[in-house]
Amino acid sequence: MDGYDIANMSMESIEEGSIEEEVLVTSTLSAVLAVMFLLGVSGNIYVLVITVLSGRPVGSMCVHVVNLALADLLYLSTIPFVVSTYLARDWYFGDVGCRILLSMDLFTMHASIYTLTVMSLERYKVIVRPLKSRISHCHRKLTSLTIWFTSFLLTLPMMCMIRLQDSRYGSGKKICFPTWTPESFRQYLTVLFCTSVLAPGVILLYLYSCLARAYWMSGQEVRRSSRKLNQCVGLRIFTIIVVYWACFVPFWAWQLARSYQHEHLVMAPSAQIYLNYGVTCLTYANSCVNPLLYTLLTSNYREYLARQMRESRLEVQKGVNDETLAK
């Protein structure tokens, strides 16, 4: 929806704007997105390899990190299609390509934020309700499938209502365009904003406020080293969430502004292209930065698990020694 918005706007504005300016924008955007594609794909593949093939499994965190990296890879996979469309100023991927590729950002952003919400909920249970925090492997798989299926259902209306049509300027070029009325499209975008940003945001703020209070109250009850590692894991997850919001809130602000204030936007077509260019790069940048955050997260979590195992062994050994002395 974002990268292709630029391409569609570009194809229409080129016939009424400066060709030289359009070539400059095209070249810059294509180069930036190409670099993001290389960095993001290589980084997320690296995360998948070290997470899946590591000799030290990281439990539930492994499942979640794999889901996040897959979501990033799916989103980044749309970049070659965006760049080729932008360079050719035409759509060559048919009606099916419109339906799938223009829905991929909505699909993956929902999968990412729901996975992050589940991760945060698990952290909350580990800290606040440690005795009820154990989750079976089957339950994790079912949760992952539910996340992806829910994300697909929320994206399905976009897949069904988008179609390929001729450019409104009669140039013979094709663009992807939603078939529903402007009012229906506004309502759908509002729902998506609530499901991908607003509702998860409220839940996450509540969870992390509870976590902050739990950390504060348990300061004297938990060993300092273990508490510090546990806090690092929660902090890494929260950092990923903040980066997600920083990259996608501007995207949604622009989409909603265009939808609700389209008739009152006093902006030249070229200015709209530049702004769309900026929010698009931000969303793709999220998938480029995430591999670093995922790597730090799994590293902290492995260290946390190792610390927990060492402390458990020490407690068991201490119990054995106490029994021996008692005898």
Side-chain angles (χ1 to χ4, degrees), residues 1-4 6-7 25-88 93 97 100-116 119 144 147-148 151 232-233 235-248 250-251 276-303:
M1 192 166 72
D2 42 23
Y4 303 100
I6 298 180
V25 175
T26 300
S27 303
T28 304
L29 176 64
S30 300
V32 171
L33 291 182
V35 172
M36 287 184 174
F37 176 78
L38 294 174
L39 292 176
V41 169
S42 59
N44 281 285
I45 290 177
Y46 169 76
V47 169
L48 287 176
V49 170
I50 65 171
T51 303
V52 176
L53 301 183
S54 173
R56 296 172 295 173
V58 290
S60 63
M61 199 64 65
C62 175
V63 177
H64 298 319
V65 170
V66 167
N67 282 335
L68 290 171
L70 286 175
D72 286 337
L73 281 174
L74 282 175
Y75 185 41
L76 290 167
S77 68
T78 64
I79 288 182
F81 300 96
V82 173
V83 172
S84 60
T85 300
Y86 204 57
L87 291 174
F93 309 107
I100 295 176
L101 296 171
L102 267 72
S103 305
M104 193 60 69
D105 56 346
L106 302 175
F107 177 56
T108 55
M109 74 170 64
H110 279 91
S112 294
I113 193 61
Y114 291 161
T115 300
L116 290 169
M119 292 170 71
S144 297
I147 287 173
W148 287 101
S151 302
C232 282
V233 174
L235 181 61
R236 297 298 183 195
I237 298 174
F238 186 68
T239 301
I240 297 173
I241 294 169
V242 170
V243 172
Y244 172 90
W245 282 336
C247 292
F248 280 97
F251 163 82
N276 215 342
Y277 161 81
V279 298
T280 296
C281 287
L282 266 180
T283 59
Y284 284 118
N286 181 67
S287 297
C288 296
V289 174
N290 280 341
L292 174 62
L293 300 176
Y294 300 157
T295 303
L296 294 174
L297 172 63
T298 53
S299 176
N300 284 143
Y301 193 64
R302 286 191 181 99
E303 189 179 353

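Just so we're clear, the structure is a prediction, and the values are computed from it rather than from any experiment.
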Pair Phe248, Ile113 - check side chain to side chain contact (heavy atoms under 4.5 Å, CB included), show working.
CA-CA 11 Å; Phe248 280 97; Ile113 193 61; over 6 Å; no

I would like to know whether Asn67 and Thr115 meet side chain to side chain donor-acceptor pair (under 3.5 Å); could you show each step before the answer?
CA-CA 7 Å; Asn67 282 335; Thr115 300; 4.6 Å; no

Check against side chain to side chain contact (heavy atoms under 4.5 Å, CB included), Tyr75 and Asn286:
CA-CA 10 Å; Tyr75 185 41; Asn286 181 67; over 6 Å; no

Let's go through Val243 and Leu293 carefully: what are the C-alpha distance in whole Å and the side-chain angles of both, what is the deciding distance for side chain to side chain contact (heavy atoms under 4.5 Å, CB included) to 0.1 Å, and is it a yes or a no?
CA-CA 10 Å; Val243 172; Leu293 300 176; 3.9 Å; yes

Apply side chain to side chain donor-acceptor pair (under 3.5 Å) to the pair Thr295 and Tyr46, showing each step before the final yes or no.
CA-CA 9 Å; Thr295 303; Tyr46 169 76; 5.5 Å; no

CA sep, side-chain torsions, deciding dist, call: Ile240, Tyr294, side chain to side chain contact (heavy atoms under 4.5 Å, CB included):
CA-CA 8 Å; Ile240 297 173; Tyr294 300 157; 3.8 Å; yes

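A pairwise comparison of heavy atoms in Cys62 and Thr51 identifies SG-CG2, 3.6 Å as the closest pair. Between Ala246 and Leu282, the shortest heavy-atom contact is O-CD1, 4.2 Å. The minimum heavy-atom distance linking Ala111 with Ala71 is given by the pair CB-CB, 4.5 Å. Nearest heavy-atom pair across Val279 and Pro250 is CG1-O, 3.7 Å. Between Leu102 and Asp105 the shortest heavy-atom distance is O-OD1, 3.4 Å. Nearest heavy atoms, Cys281 versus Met36: O-CE, 3.4 Å.
Panel note: side chain Ser112, backbone Met109; no donor-acceptor pair is recorded below 3.5 Å. Looking only at distances, no side-chain donor or acceptor of Ser30 sits under 3.5 Å from a matching main-chain atom of Ser27.
Of the inter-residue distances, the one linking Met104 atom CE with Ile79 atom CD1 reads 13.0 Å to the nearest 0.5 angstrom. Distance check, rounded to the nearest 0.5 Å: CG of Leu38 to CG of Leu76 gives 10.5 Å. Atoms CD1 and NE2, from Ile147 and His110 in turn, are 12.5 Å apart once rounded to the nearest 0.5 Å. In this structure, CH2 in Trp148 is found 5.0 Å from CZ in Phe107, a value given to the nearest 0.5 Å. Residue Leu33 holds its CG atom at 10.5 Å from OG1 of Thr28, rounded to the nearest 0.5 Å. Separation of atoms OG (Ser287) and CG (Leu39) is listed at 12.0 Å; rounding is to 0.5 Å.
Looking at heavy atoms from C-beta onward, Val82 lies in side-chain contact with Tyr284 at the 4.5 angstrom threshold. Between Ile241 and Ile237, some side-chain heavy-atom pair lies under the 4.5 Å cut-off.
Using a 30° and 60° split on the angle between ring planes, Phe93 and Phe81 fall in the perpendicular class, above 60°.
Qualifying side-chain contact (heavy atoms from CB on, under 4.5 Å) partners for Leu73, counting only residues two or more places apart in sequence or in other chains: Val41, Asn44, Ile45, Leu48.
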